[in-house]
Amino acid sequence: MKTDAHLSAVPLQSWLRIQREAPPLGERAEALRQALLGCPQVRQAWYLAWQPASRIYAQVDGGPRLPPGMGDPLEASDEALFAALGEQSSLPFDALRRLPCWLAGRLRRAALHHGQALALQLQAGQPGVLLLQVDEAAGLEWLPWLRELLVQMVELASGLARSAPLLSSDPQPALLLDAEARLLESNAALQGLLGERALTQVGELLPVNHLPLVRACLEQSRAVESVEAQDGERILIWSFIPDGAERRVLARCREATREVREQREAARARRLYRLITENTTDLISRHTPEGVFLDATPASWTLLGYWPEELRGMAVDSLLHPQDQLQQAKQAREALEQDDYHTMTYRIRHRDGHYLWFETASRAIRETYTGAVVEVVSVSRDITARIQAEENKRRLEDELAHTTRLITLGELASGIAHEINQPLAAVVNYASASQRYLQGIGGDPAGVDKVAQGLARITEHANHASAVIKRLRAFLRKGQRRMQALDLAEVAREAVRLCNWEAGTAQVTVSDVLPDNLPPVFADRVLLEQVLLNLLRNAIDANRERHPGAPSQVRLEAGECDGGLAIRVIDQGPGVSDEQMAKLFTPFYTSKADGLGLGLSMSRSIIEGFGGALEAFPAEGGGLCLECRLPLGRDDESLSNGRG
């Protein structure tokens, strides 16, 4: 059955409105004919009224006229058809054409085959017949159903008052309902909302509880507004307005899909924002451009010991650590003005007086037209535990570095003893010679000069031994890091001196091609010297492995690189495989039988702690190049003189 599909395009509401106004029969018939022609399956329609005096059906609509029947018009009669329609309400054209009546001849002469005659009374006391010619491809099974619908609509319209005067001109979809929520009338805007559906399906647009709403509207004599209904993906908002005198209700609707969805989305966003602000462990706050609290989330109590209302009007600077107040606040305001965004790490005072480390990301909110910063929104978190963990880790690395230095000096003991023994032996020799000169000074006037020369030599070599011991003590220094601007070439040469004896025994020459005008780097002197010493000793071991008993060279060079300074230690060893290269900086990985595998991994950690990087890559000739990149010294740091 395709009944709904056939009727969906029939604009019957316009005919129903005219039917309710009770115009002459011809106007009703023509309105019905026009409405039915709106159905694509209907090719033509005629409405004929029964004429009791002449006993025939006469055409009363304004459509094309049917031809006259066959035979003598004075003898014309449709009584057979009138009787047949009294027994059955619909009759196919094929059956009608076989009846002995005047209208049958008219159908034959008009060559009408596919259609039906439907008994229909448009006016009280005035029987009639509706002739519908339909498309050959369309079935006839839906036409009796159409007839029942038209009969019900005629009966409904005949018992109702005139329609609401503004209903037809209402731009919003609207309809009239009786006290039982039955459809009385609708306007064109509602039909547009229905689309391809039939008017009988209007209930699909109404709220599911529309019957109780209509009854409540009439019983309480009040309008019911903003009732939501769902029509597929569409959202409709209905209002029900009572007309108590007529016991009917005007129902008006508007499509509010976008509006309702936006409202729902906004409500979800508000709920989400409230959940975030009330439950987040981070502190979200708003500030004036000058840094005064405008508002804050409840996390302010957990983090700082202040409720949001206590922070309002308070200057952020008043909570900062004195060492952070001027520099951090100034940098933040300048960055926000220039870049709209700033992240900083600083110390802030808790209500009970102790300080916490905070990390805050801030964004500037600008006025739309002037571009001026009108507000700052910040998200802050307590990173005290992280800072303490990093400090503990750094201290552990420093302890490990100190232990490693002790191990390194133990391994260099022979060279250190040799470097100290040489000046000490010279001191002993000059002291013995001076004693001999003093014993014979009476007979040798020149002996005084020789004793003086010997004492000068003793002083020189003693100072040399003292310098060696002082360097060792500095190398073994244990304590906090002292970050300062350093002469990289000087520190590197000090590391070379510490491993000179080891290099000499392995017949390795350390080739120093370091420029003397390098910009200073920012690092801790002892830790940097330890790293360079470790790189040099690795290079010496690599050369010894590839050139046993033969002379070789380790090259030490430096230059500016990517805004910093790079120093490279290049050996002539056997190099490393790709697999070994991937593991080179892994803790406890070593190719040496007696090695710990901590040297390079610890060296990289130290350099990264300075803000630099330590990398390895193959060198020409099969060796290995270890490159240490360091940040340049800051302008406010004085260049270290290398002592301490």
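When reading the values below, keep in mind they use all heavy atoms of this one structure, side chains included, and skip hydrogens, waters and symmetry mates.
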Smallest heavy-atom separation, G559 atom then R568 atom, equals N-NH2, 4.2 Å

Q | Pair R333 + D317, salt bridge at N-O below 4.0 Å | A | yes

Q. Is the closest side-chain heavy-atom distance between L630 and F522 below 4.5 Å?
A. no

query: Checking salt bridge (Lys or Arg N to Asp or Glu O under 4.0 Å) for the pair R525/E490: CA distance, chi angles, key distance, verdict?
result: CA-CA 10 Å; R525 181 184 183 88; E490 182 183 346; 3.8 Å; yes

Between E367 and T370, is there a side-chain donor-acceptor contact under 3.5 Å, judged purely by atom types and distance?
yes

(message) side chain to side chain contact (heavy atoms under 4.5 Å, CB included), that's the test. Do I237 and E228 meet it? Break it down for me.
(response) CA-CA 5 Å; I237 301 296; E228 187 175 310; 4.1 Å; yes

- Should we say atom CG of D562 is surrounded by more than 12 heavy atoms from elsewhere, each under 6.0 Å from it? no

Chi angles and distances behind the salt bridge (Lys or Arg N to Asp or Glu O under 4.0 Å) call for R493, D516 | CA-CA 11 Å; R493 286 164 184 153; D516 292 326; 3.2 Å; yes

- Query: Short question: side chain of D571, backbone of L624 - any donor-acceptor pair under 3.5 Å?
  - Reply: yes

Check whether any side-chain N or O of D231 sits under 3.5 Å from a backbone N or O of E233 as a donor-acceptor pair, and report yes or no.
no

For this session: Starting from the C-alpha separation in whole Å, work towards a yes-or-no answer on side chain to side chain contact (heavy atoms under 4.5 Å, CB included) for T509 and V554.
Result: CA-CA 6 Å; T509 302; V554 170; over 6 Å; no

Checklist entry - So does D352 have more than 12 non-hydrogen atoms from other groups sitting under 6.0 Å from CG? => result yes

* Sub-4.5 Å side-chain heavy-atom contact between S552 and R546 -> no

Does a donor on one side chain and an acceptor on the other come within less than 3.5 Å for Q323 and R347?
-> yes

*asked:* Pair E265, R261 - check salt bridge (Lys or Arg N to Asp or Glu O under 4.0 Å), show working.
replied: CA-CA 6 Å; E265 189 62 35; R261 286 179 178 170; over 6 Å; no

Separation between CG (L536) and CD1 (I540), nearest 0.5 Å, reads 6.0 Å

Check your understanding: Is there side-chain contact between E545 and P574, with at least one heavy-atom pair below 4.5 Å?
Key -> yes

Do V373 and I365 come within less than 4.5 Å of each other through their side chains, counting heavy atoms only?
no

Check: Should we say atom CZ of R268 is surrounded by more than 12 heavy atoms from elsewhere, each under 6.0 Å from it?
Finding: yes

Are V316 and V292 side-chain neighbours, meaning at least one heavy-atom pair lies under 4.5 Å? no

Heavy atoms of L193 and R234 approach each other most closely as O-NH2, 2.9 Å

Heavy-atom nearest pair, A558 first then P515, reads O-CD, 3.9 Å

*asked:* Strictly distance-based, threshold 3.5 Å: is any side-chain N or O of D512 a donor or acceptor partner for the main-chain N or O of L514?
replied: yes

Rounded to the nearest 0.5 angstrom, the SG-CD1 distance for C625 and I570 is 4.5 Å

Practice item. Verify the neighbour count for atom CZ of R381: are there more than 12 heavy atoms of other residues, nucleotides or ligands below 6.0 Å? Key: no

*Would you confirm whether Q580, through its side chain, and S577, through its main-chain N or O, come within 3.5 Å as a donor-acceptor pair?*
yes

For residues 295-308, the side chain to side chain donor-acceptor pair (under 3.5 Å) pairs (sequence neighbours left out) are D295-R312

(request) Report yes if the side chains of V374 and R366 come closer than 4.5 Å at any heavy-atom pair, otherwise no. (result) no

Output for pair (R222 CZ, I241 CD1), nearest 0.5 Å, gives 13.0 Å

> Step by step, would you call R537 with V569 a side chain to side chain contact (heavy atoms under 4.5 Å, CB included)?
Replying inline: CA-CA 10 Å; R537 295 190 67 218; V569 178; over 6 Å; no

Taking every heavy atom of D524 against every heavy atom of L486, the minimum-distance pair comes out as C-CD1, 3.9 Å

Donor-acceptor contact present, side-chain D340 to main-chain A364, <3.5 Å: no

- Can you find a heavy atom in the side chain of L250 that is under 4.5 Å from one in the side chain of R252? yes

**Asked** Taking atom types as modelled, is there a side-chain donor on Y346 or T360 under 3.5 Å from an acceptor on the other?
**Response** yes

ring-ring contact (aromatic ring centres under 6.0 Å, His included) filter on Y355, not counting sequence neighbours, yields H321

For E615, does its backbone N or O pair with a side-chain atom of E627 as donor and acceptor, under 3.5 Å? no

Residues Q553 and N543: closest non-hydrogen pair is O-ND2, 2.9 Å

All heavy atoms of A566 vs all of C561, minimum pair found to be CB-CB, 3.9 Å

Contacts of F293 meeting ring-ring contact (aromatic ring centres under 6.0 Å, His included) (sequence neighbours excluded), chain-then-number -> H287

To the nearest 0.5 Å, atom CG of L533 lies from atom CD of Q530 at 8.0 Å

### Query
With a 4.5 Å heavy-atom cut-off, do S378 and F358 have their side chains touching?
no

CG (L236) and CG (L205) are apart, to the nearest 0.5 Å, by 6.0 Å

- prompt: Should M344 and Q331 be marked as a side chain to side chain contact (heavy atoms under 4.5 Å, CB included) after you check the CA-CA gap, both sets of side-chain angles, and the distance that decides it?
  reply: CA-CA 9 Å; M344 63 180 183; Q331 287 180 354; over 6 Å; no

Separation between CZ (R254) and CD1 (I235), nearest 0.5 Å, reads 11.0 Å

Looking at S318, is its backbone amide N or carbonyl O close enough to the side chain of R349 to form a donor-acceptor pair, meaning the two atoms are under 3.5 Å apart?
yes

